There are 2 protein chains.
Amino acid sequence: MARVGLTTETLIRAGAETADEIGFEHTTPTELARRFGVRTASLYSHVKNAHDLKTRIALFALEELADRVSEAVAGRAGKDALTAFANVYRDYALQHPGRFAATQFRLDAETAANSAGVRHAQMSRAILRGYDLAEPHQTHAVRLLGSVFSGYVTLEGSGGFSHSAPGSQESWTEILNALDALLRTWPTG
Amino acid sequence: MARVGLTTETLIRAGAETADEIGFEHTTPTELARRFGVRTASLYSHVKNAHDLKTRIALFALEELADRVSEAVAGRAGKDALTAFANVYRDYALQHPGRFAATQFRLDAETAANSAGVRHAQMSRAILRGYDLAEPHQTHAVRLLGSVFSGYVTLEGSGGFSHSAPGSQESWTEILNALDALLRTWPTG
DNA sequence: CGGCTTGCCTAATCAGGTTAGGCAAACTCG
DNA sequence: CGAGTTTGCCTAACCTGATTAGGCAAGCCG
């Protein structure tokens, strides 16, 4: 019985890959055990239960995405930063659908507060520094951007925009233009 | 053994209510059987399987929401129609979180094509008749609206905007104002 | 009232999740 | 290197949920 050498770390990484291959909802302890060639019960020394497994994959994906966004946004401002942020976000969802789904896994308040979700929020605000928006308008704008990005990418991922012209890429580009214009002329009133 | 008198219809309605109470993902054949005081196996004469049950609840919710939207939008145009549409959509999600979750259940292409989802798409376009947008800009704008509404309501529902000022209602109002302004000055070009 | 339909049941099977307890591989330290 | 300790992975067992096959009887129809 050669030991496989599982760790929580390897489990989560494999979980992220599995999620991209067969979907986050099918990324179960049983499935991971199958992939490592061990019994399901053997995973329980590394993760507490199925919910814990999913939570950890979610945290991993959140972290990974935040890293990518932060790298892309560094040194950019205004529309440049906006599109960099948005494109990294969308590309991540297209390349890693399972991980992206994981980022939307509902975390309890405390876990969320200690997650990279906080960095995401900070970066959204940073984007808006390039536009001249005072509070509370800035907060409203942050919420709009979050809604558009997550909404668009989710709809696109579930096939909402396929099979119809014009292509999704064109809509995405034009929507980013429109959002940039909107942020520059935000109605404060 | 007094017969309960189940039908597919009563099952789906109960399923919608159950979803609002305990969540769409927990709305399972077993749970419904419990509520009706029958054995799980007894449901299988009314729905094909668990997936079929969820699909039917999704179709029901899609229909119900489309009815509400279409009533609210009738006789309105421009910003008036936009906010009516948006508010019905958001209120539905807040009052019926389980049914709203059901509307996002992924349907296969054929089922979706025969669903009230089609009416939703038509109504989105109708809203834009009040604004002067030629194709392909109109399609891009439809996709933006869909993304914002579904994204905002989903984030709000998963607690994204609670516990932070300003309140979600204010953001919603301002975002609708901003979208109206954006649609009137959509950057074509 | 007798027969037919069919709603709901029992029984059985399968997959996934989870815990308890055990054996042995691999690390630690003299 | 060898003894002791840690701990990775296993077996066994149980629970919940999904699903199918086949049966009985309640209630409709003539």
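Fair warning: this is a prediction, and the values are worked out from it, not measured in the lab.
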**Prompt:** Got a sec, which residues hit salt bridge (charged side-chain N to carboxylate O under 4.0 Å, His left out) with D67(A), two or more places apart in sequence or on another chain?
**Reply:** R119(A)
**Message:** Less than 6.0 angstrom separating the ring centers of F100(B) and Y89(B), yes or no?
**Reply:** yes
**Prompt:** Whole Å only: how far is the CG atom of L32(B) from the C1' atom of dG7(C)?
**Reply:** 17 Å
**Whole-Å gap separating P (dT18(C)) and CG (L53(A))** = 10 Å
**Request:** Test side-chain hydrogen bond (donor to acceptor under 3.5 Å, both in side chains) on W172(B) and N87(B) and set out the steps.
**Result:** CA-CA 9 Å; W172(B) 181 248; N87(B) 283 323; 2.8 Å; yes
**Prompt:** Could you run down nucleotides 16-23 of chain D 5' to 3' and tag each one B, S or - for protein heavy-atom contact under 4.0 Å?
**Reply:** -SSBB---
**Message:** Less than 6.0 angstrom separating the ring centers of F85(B) and H120(B), yes or no?
**Reply:** no
**Request:** Write down the distance between NE2 (H46(B)) and C1' (dC8(C)), rounded to a whole number of angstrom.
**Result:** 8 Å
**Request:** List in numerical order all residues of residues 6-21 of chain A for which some heavy atom is under 4.0 Å away from an atom belonging to DNA chain C.
**Result:** none
**Prompt:** Rounded to whole angstrom units, what separation is found between the CZ atom of F36(A) and the C1' atom of dC9(D)?
**Reply:** 14 Å
**Item:** For R99(A), all residues meeting salt bridge (charged side-chain N to carboxylate O under 4.0 Å, His left out), sequence neighbours excluded
**Value:** D20(A), E64(A)
**Asked** Can you name the residues that form a ring-ring contact (aromatic ring centres under 6.0 Å, His included) with H46(A), not counting sequence neighbours?
**Response** none
**Message:** Restricting to side chain to side chain donor-acceptor pair (under 3.5 Å), what partner residues turn up for T40(B), sequence neighbours left out?
**Reply:** none
**Asked** Taking only side-chain nitrogens and oxygens of S42(B), does any of them come within less than 4.0 Å of OP1 or OP2 of dG7(C)?
**Response** no
**Request:** Could you check V47(B), L32(B), L11(B) and say which one makes a side chain to side chain contact (heavy atoms under 4.5 Å, CB included) with L6(B)?
**Result:** L11(B)
**Fill in**
L43(A) CG to dC10(D) P, in whole Å, measures 9 Å
